[in-house]
Amino acid sequence: MTSSHTDCHFCLQSLRGRKYALREENAYCVPCYDSLYANPCEECKQPIECSSKVKIQLALLVPCRHWHEGCFRCAKCSRSLVEKPFAAKDEVLLCTECYSDEYSSKCFHCQKTIMPGSRKMEFKGSSWHESCFVCQYCRQPLGTKPLITKDNENYCVPCFEKKFAHHCYACKKVIT
C-alpha cells in the first residue's frame, strides 16, 4: 500500500516503499500491526498475520473466533472447511458429512445416515429412508399405506395375506 502516511504510528520507522496496514486512520508497518492487533488462530494459537492467506479479510470468523486458512478443518476428518458448508456443535467445527454421520438419524433398515433434507419415514420410534421402508415381500414402498409387522419385518396387507393368512377352504377368502 502506498499513501500519504510516512511513518509507522507505533515504531515511527518510515513506511516509504514498505507494506503497511491502516487501523483507525493510523498507519502501522506490518510487524507492528501484527504484534499489536493480529488475532490468534483457534487451532494453532499462532497470530494470524497481515500476510496470512485467509478466507474472509484477515480471518475466518465463527463469532469472535479466527483461523488460518490451513487450520480451518473438520475436527473429525480433518478435511478443509474453506469454501465448504460446515456446522458447529458444542463449539466443534464439522463438515456436513461428519455432522450428519454424528448427529443425524440412522435408517433402521440399512443403518446408513438419513441426510438432512431427504425424506424419511417414522414407524414405531424408528427412522427409515423412504426407499428402505418397503414391503418385505413385494419390495413396493409402504409410505402411508396400511401395513402389518411380523417378526420385525413389514408387509403391505395384500402380501401379508398371501404369505401368512389362513384362507377359507371353500371360498378362498382370508380368514380374519
Side-chain angles (χ1 to χ4, degrees), residues 1-134 141-144 152 154:
M1 263 181 149
T2 60
S3 82
S4 61
H5 298 282
T6 57
D7 297 327
C8 173
H9 184 73
F10 188 73
C11 72
L12 305 177
Q13 290 186 13
S14 173
L15 295 174
R16 291 198 179 147
R18 297 175 66 193
K19 291 183 178 182
Y20 66 91
L22 287 174
R23 184 173 177 115
E24 298 171 3
E25 299 184 28
N26 294 316
Y28 296 86
C29 64
V30 171
C32 287
Y33 184 88
D34 288 342
S35 69
L36 294 168
Y37 301 113
N39 292 304
C41 173
E42 286 290 322
E43 182 64 25
C44 71
K45 308 302 182 212
Q46 297 300 309
I48 300 173
E49 300 168 336
C50 286
S51 59
S52 293
K53 182 180 179 185
V54 289
K55 176 87 173 94
I56 300 172
Q57 295 174 352
L58 298 177
L60 291 164
L61 304 173
V62 170
C64 300
R65 296 171 64 193
H66 305 80
W67 289 265
H68 291 105
E69 184 176 283
C71 295
F72 195 61
R73 300 188 166 281
C74 173
K76 190 169 182 184
C77 71
S78 297
R79 283 186 289 205
S80 174
L81 297 175
V82 176
E83 296 185 20
K84 296 204 169 78
F86 64 92
K89 180 75 171 173
D90 301 324
E91 299 200 19
V92 173
L93 300 178
L94 299 168
C95 65
T96 53
E97 293 85 4
C98 289
Y99 181 87
S100 295
D101 287 345
E102 192 75 23
Y103 299 106
S104 294
S105 301
K106 304 281 189 260
C107 176
F108 181 81
H109 176 73
C110 70
Q111 297 303 309
K112 292 183 181 172
T113 300
I114 300 173
M115 296 301 284
S118 63
R119 293 188 58 168
K120 72 176 179 177
M121 305 301 295
E122 298 276 338
F123 181 66
K124 290 189 175 180
S126 296
S127 299
W128 305 66
H129 289 108
E130 187 176 39
S131 60
C132 291
F133 194 62
V134 297
L142 292 168
T144 58
N152 284 330
N154 300 316

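Just so it is clear, the structure is predicted and the values come from calculations on it, not from any experiment.
- Contact record, Asp34 with Glu49: OD2-CB, 3.2 Å, taken as the closest heavy-atom pair.
- Atom CD of residue Glu83 and atom CD of residue Glu69 lie 7.5 Å apart, to the nearest 0.5 angstrom.
- Residue His9 holds its NE2 atom at 9.5 Å from CG of Leu36, rounded to the nearest 0.5 Å.
- Closest approach of Leu81 to Cys74, counting heavy atoms only: CG-N, 3.6 Å.
- Atom NE2 of His68 is separated from atom CZ of Arg73 by 13.0 Å, given to the nearest 0.5 angstrom.
- Taking CG of Leu93 as the start and SG of Cys71 as the end, the distance is 12.0 Å to the nearest 0.5 Å.
- Here the closest non-hydrogen pair linking Ile48 and Ala38 is O-CB, 3.3 Å.
- Legend: residues meeting ring-ring contact (aromatic ring centres under 6.0 Å, His included) with Tyr99, ordered by chain and number and at least two apart, are Tyr103.
- Among residues two or more places apart in sequence or in another chain, the side chain to side chain contact (heavy atoms under 4.5 Å, CB included) test is passed with Ser78 by none.
- When atom types are taken as modelled, the side chain of Glu25 and the backbone of Leu22 share no donor-acceptor pair closer than 3.5 angstrom.
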Candidate pair Phe123 and Asn154, rule side-chain contact (heavy atoms from CB on, under 4.5 Å), full reasoning: CA-CA 10 Å; Phe123 181 66; Asn154 300 316; 3.5 Å; yes

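- The nearest pair of heavy atoms linking Tyr20 to Ala27 is CD1-CB, 3.7 Å.
- Shown here are the side chain to side chain contact (heavy atoms under 4.5 Å, CB included) partners of Ser105, two or more places apart in sequence or in another chain: Ile114, Lys120, Ser127.
- Contact check for Asp7 versus Gln13: no side-chain heavy atoms found under the 4.5 Å cut-off.
- The minimum heavy-atom distance linking His129 with Thr113 is given by the pair NE2-O, 3.2 Å.
- Of the residues Lys106, Met121, Glu122, Arg119, the one that meets the side chain to side chain contact (heavy atoms under 4.5 Å, CB included) test with Trp128 is Met121.
- Taking SG of Cys98 as the reference point, atom CZ of Arg79 lies at 5.5 Å (rounded to 0.5 Å).
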Worked check of side-chain contact (heavy atoms from CB on, under 4.5 Å) between Arg18 and Cys29: CA-CA 7 Å; Arg18 297 175 66 193; Cys29 64; 3.5 Å; yes

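- Residues Pro40 and Pro47 form no side-chain contact, since every pair of their non-hydrogen atoms from C-beta on lies 4.5 Å or further apart.
- Ser35 meets the side chain to side chain contact (heavy atoms under 4.5 Å, CB included) test with no other residue; sequence neighbours excluded.
- Rounded to the nearest 0.5 Å, atoms CD (Glu102) and CD (Glu97) are 13.5 Å apart.
- Pairing each heavy atom of Cys32 with each of Phe10, the nearest pair is SG-CD2, 3.7 Å.
- Aromatic pair Phe86/Phe72: ring centres closer than 6.0 Å.
- Applying the side chain to side chain contact (heavy atoms under 4.5 Å, CB included) rule to Tyr37 yields the partners Arg23, Tyr28, Tyr33; only residues at least two apart in sequence or on another chain are considered.
- Residue pairs meeting the salt bridge (Lys or Arg N to Asp or Glu O under 4.0 Å) criterion with at least one member in residues 35-48, sequence neighbours excluded: Glu42-Arg65.
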